[in-house]
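Residue numbering restarts at 1 for every chain, and letters A, B, ... go by the order of the sequence lines.
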Amino acid sequence: MDAFRQHTGLVAPLDRANVDTDAIIPKQFLKSIKRSGFGPNLFDEWRYLDQGEPGMDNSRRPLNPNFVLNQERYRGASILLARKNFGCGSSREHAPWALQQFGFKAIIAPSFADIFFNNCYKNGLLPIALGEMEVDHLFNVTAANPGFQLHVDLERQVVDIPGGESYRFDIEGFRKQCLVNGWDEIGLTLRHVDKIRAYEAARAAKEPWLF
Amino acid sequence: MPQTLYDKLWNAHKVHEEPDGTALVYIDRHLVHEVTSPQAFEGLEINGRTPWRLKSIVATADHNVPTTSRREGIADPVSRLQVETLDKNIAKFGVADYYGMNDARQGIVHVIGPEQGATLPGMTVVCGDSHTSTHGAFAALAFGIGTSEVEHVMATQCLNAKKMKSMLIRIEGRTGKGVTAKDIVLAVIGRIGTAGGTGYAIEFAGSAIRALSMEGRMTVCNMAIEAGARSGLVAVDEKTIDYVKGRPFAPKGADFDRAAAYWRTLVSDAGATFDRVVDIDAATLEPQVTWGTSPEMVTGIHGTVPRPEQEQDPVKRAAIERALEYMGLNAGMKVADIRIDKVFIGSCTNSRIEDLRAAAGVLKGRRLADNVKLALVVPGSGLVKRQAEAEGLDKVFVAAGFEWREPGCSMCLGMNDDRLSPGERCASTSNRNFEGRQGAGGRTHLVSPEMAAAAAIAGRFADVRDVL
């Protein structure tokens with residue numbers, strides 16, 4: 001996994017609540033057996049005017065000019081600003097893969113759905129939960145200032161707004177360490193092989209039918 | 001100190017704890033399907049790792065499989081490759097318990113786990129699928145995970161997790177005739193909202209939950225995730241133990257008695273405290289119908305579609321406006337005036353034998369309304385299908401004008417050929433009414449199997465209690 005320490009980037013606003021993972025990456029693209037290639041189909045039903053299917057040449061498809069990510073001023077955005085309960089629904093990790101492969105490095109919202117939130121960390125994509133008022137303010141300044149950028153500093157746990165203010169965010173210590181160092185979580189867990197074996201032996205004595 | 005059921009399950013599975021409270025949690029059962037596993041198997045291979053405990057894995061192909069005849073295999077080459085990739089990975093890594101597309105026991109992963117006794121009380125159960133919460137009906141700590149975690153469990157038999165907060169949803173009293181487990185859980189979601197359970201493990205309790213069968217409890221826990229909770233739980237009682245007894249993976253003989261004695265302790269202690277408690281009076285519930293594009297957009301059959309101008313919160317108002325536009329509904333109209341084009345009875349929420357019996361009970365001697373273009377029944381597993389046929393339910397469905405299909409996830413999410421066309425409206429027993437969920441532009445209304453059957457006959461939503 002790539003390490004995440006700091007990032008500065010253009011902000012794109014997605015102004016709706018309860019954006020679900022079916023919207024982030026529709027089911028037909030989940031048939032892929034690969035871990036890459038999902039970026040062009042991020043938000044497929046909102047982003048294009050036709051119906052997307054795997055294997056289409058996405059560069060030739062008609063874009064929906066009203067969809068925010070198709071607007072020129074948000075081209076190259078790497079920070080997504082969203083509303084509450086972002087990423088609800090299915091557990092598909094294809095959702096963070098699609099967001100990341102599109103070019104997003106961080107997502108800011110008042111709240112995230114649990115499974116999506118968890119999946120982001122496994123891929124070095126940073127979900128940042130801020131207060132509802134703070135997110136509201138960011139929506140306003142993003143709309144008012146073309147080219148609006150934010151600076152995210154994971155080590156200090158702050159989002160810096162150009163010209164002064166900073167918003168602090170929480171992150172669990174273990175997750176932060178993994179992200180800042182780009183650690184392979186499986187490798188970390190395998191340091192505890194002896195503990196896992198000992199646990200299994202104890203369980204097997206108590207509940208032999210499980211083993 | 002008195003413990004909640006969740007406390008007990010959490011403590012029993014903790015292998016190691018980091019300074020910030022992140023724990024390494026041991027996983028007893030790993031359910032695997034074709035959609036969220038290929039990249040995990042590939043990751044194992046690239047890193048030269050092998051599954052830690054093959055016996056913990058139970059696998060099936062359910063999302064991509066056709067529900068029409070399977071003699072010709074899968075027509076869509078992309079779907080076919082995904083199912084074949086699972087076949088290959090199972091063979092390569094040596095998983096023994098695989099119910100492939102043509103196995104008589106194949107079916108939706110959340111139906112076959114309990115059916116085979118692969119889900120047992122006290123277990124931790126994971127699957128790369130959010131509806132893994134279903135298995136919490138057995139007092140198992142069950143939750144959905146992403147593909148990176150699928151790989152992590154395969155490689156280490158563990159997951160890193162933080163303890164969740166606990167919520168008790170207590171539903172006391174008796175539900176009226178025609179009010180089912182599905183209506184209970186839809187009403188819960190309507191009450192606490194689609195993010196109400198975020199960060200919580202929800203225990204469902206109270207006399208209305210105890211009165212449900214194990215299948216009804218599975219329906220309730222299945223949709224805990226639609227309230228935002230990764231896990232739903234129901235305490236063990238004699239129904240739990242009776243259900244498990246004699247199933248292929250269940251312990252036998254003296255082991256069973258020993259297991260059952262332990263399982264009976266899997267209840268929240270008297271005086272245990274929860275971070276949040278929600279009380280619902282079962283007697284007030286009526287059959288539910290969703291009108292919008294989020295499961296929280298739900299009302300009773302005698303309700304109306306909301307008027308956006310009556311909502312004060314601007315974000316919610318915008319969501320209602322957008323939902324009405326997508327769903328093609330007018331503000332203030334009666335739910336009972338909404339006409340439908342298709343009916344889907346199936347999914348991990350409502351495709352078990354009792355669901356099929358209930359729907360067939362409504363349909364017996366009746367016919368689909370003329371405006372219903374297609375009505376599907378998709379049993380949850382090969383064994384459910386066989387049982388239904390033994391009871392003659394298939395004949396009732398077919399006589400009513402339904403198509404009787406092969407088991408799988410089918411039109412719940414339309415990864416196979418079963419889907420809605422743009423603008424089509426469906427009465428569906430599934431779990432998600434998101435935009436495009438059942439097919440791009442499709443309009444989904446979530447209901448119980450009985451209510452889906454009533455809608456099929458009336459051609460619009462109707463109160464099943466008038467038909468029963």
Side-chain angles (χ1 to χ4, degrees), chain A residues 15-18 20-23 26-28 30-35 45-46 51-52 54-55 83-85 88-94 96-97 111-116 118-119 122-123 172-175 184-190 192-193 195-196 198-200 203 206-211, chain B residues 15-16 18-20 22 24 26 28 35-36 38-39 42 47 49 52 55 63-64 78-79 81-82 85 120 122-123 128-130 144-149 151-152 155-158 160 162 194-195 198-199 228 230 251 255 259 262 294 315-316 318-319 322 413-415 432 434-437 440:
Chain A
D15 194 2
R16 48 165 106 184
N18 298 321
D20 59 76
T21 54
D22 277 89
K27 82 287 251 103
Q28 61 270 36
L30 273 49
K31 296 179 187 181
S32 170
I33 57 170
K34 299 191 190 127
R35 212 174 177 122
E45 280 181 28
W46 296 341
Q51 206 172 313
R83 294 290 186 184
K84 75 168 178 77
N85 200 28
C88 59
S90 133
S91 66
R92 59 189 71 168
E93 197 163 320
H94 313 68
W97 293 339
S111 60
F112 295 88
D114 287 340
I115 304 178
F116 174 83
N118 206 40
N119 284 342
K122 314 291 175 187
N123 294 280
E172 284 160 17
F174 180 72
R175 283 183 158 150
D184 163 29
E185 225 185 274
I186 294 177
L188 285 183
T189 300
L190 289 173
H192 302 298
V193 163
K195 279 190 172 176
I196 302 171
Y199 172 89
E200 277 184 325
R203 278 293 293 292
K206 267 169 51 190
E207 297 168 76
W209 54 88
L210 293 180
F211 293 86
Chain B
V15 173
H16 166 79
E18 296 288 336
D20 75 340
T22 301
L24 201 56
Y26 190 81
D28 297 316
V35 181
T36 53
Q39 299 87 348
E42 187 190 51
N47 292 293
R49 291 168 176 147
W52 181 281
K55 263 186 73 184
H63 285 62
N64 282 274
V78 193
S79 283
L81 177 63
Q82 195 163 57
T85 301
L120 296 172
M123 276 183 163
D129 195 289
S130 60
I145 57 177
T147 298
S148 293
E149 290 192 317
E151 183 181 340
H152 195 282
T156 70
Q157 211 58 44
C158 294
N160 283 305
K162 271 290 265 274
T194 187
T198 302
R230 270 178 107 168
D255 266 352
Y262 165 56
S294 164
V315 176
K316 278 190 188 160
R322 179 181 282 284
L413 85 169
M415 273 190 81
R432 289 190 174 131
F434 299 156
E435 286 185 23
R437 170 77 179 183

- prompt: Below 4.0 angstrom, N of the basic side chain to O of the carboxylate: do B:Asp28 and A:Arg203 qualify?
  reply: yes
field: Which atoms of B:Leu120 approach chain A - backbone, side chain, both or neither, heavy atom under 4.5 Å
entry: side chain
message: Counting heavy-atom pairs under 4.5 Å with chain B, which one of A:Gly173, A:Ser90, A:Ala17 comes out on top?
response: A:Ser90
- request: Could you list the residues that satisfy side-chain hydrogen bond (donor to acceptor under 3.5 Å, both in side chains) with A:Ser32, not counting sequence neighbours?
  value: none
task: Classify the side-chain pair B:Gln39/A:Trp97 by whether it contains a donor and acceptor separated by less than 3.5 Å.
output: no
task: Among A:Gln51, A:Gln28, A:Lys195, A:His192, single out the residue with the greatest number of heavy-atom pairs under 4.5 Å to chain B.
output: A:His192
query: Looking at A:Asn119, A:Asn85, A:Asn18, A:Asp20, which one has more heavy-atom pairs under 4.5 Å with chain B than the rest?
result: A:Asp20
- prompt: Which bit of A:Asp184 is near chain B, if near means a heavy-atom gap under 4.5 Å: side chain, backbone, both or neither?
  reply: side chain
message: For the interface with chain B, which of A:Arg175, A:Lys34, A:Glu200 has the highest count of heavy-atom pairs at distances below 4.5 Å?
response: A:Glu200
task: Please answer whether the main-chain N or O of B:Asp20 pairs with a side-chain N or O of A:Glu172 as donor and acceptor at a distance below 3.5 Å.
output: no
- prompt: Is chain B contacted by the side chain of A:Arg35, its backbone, both, or neither, given a heavy-atom distance below 4.5 Å?
  reply: both
query: For B:Thr198, does its backbone N or O pair with a side-chain atom of A:Asp114 as donor and acceptor, under 3.5 Å?
result: no
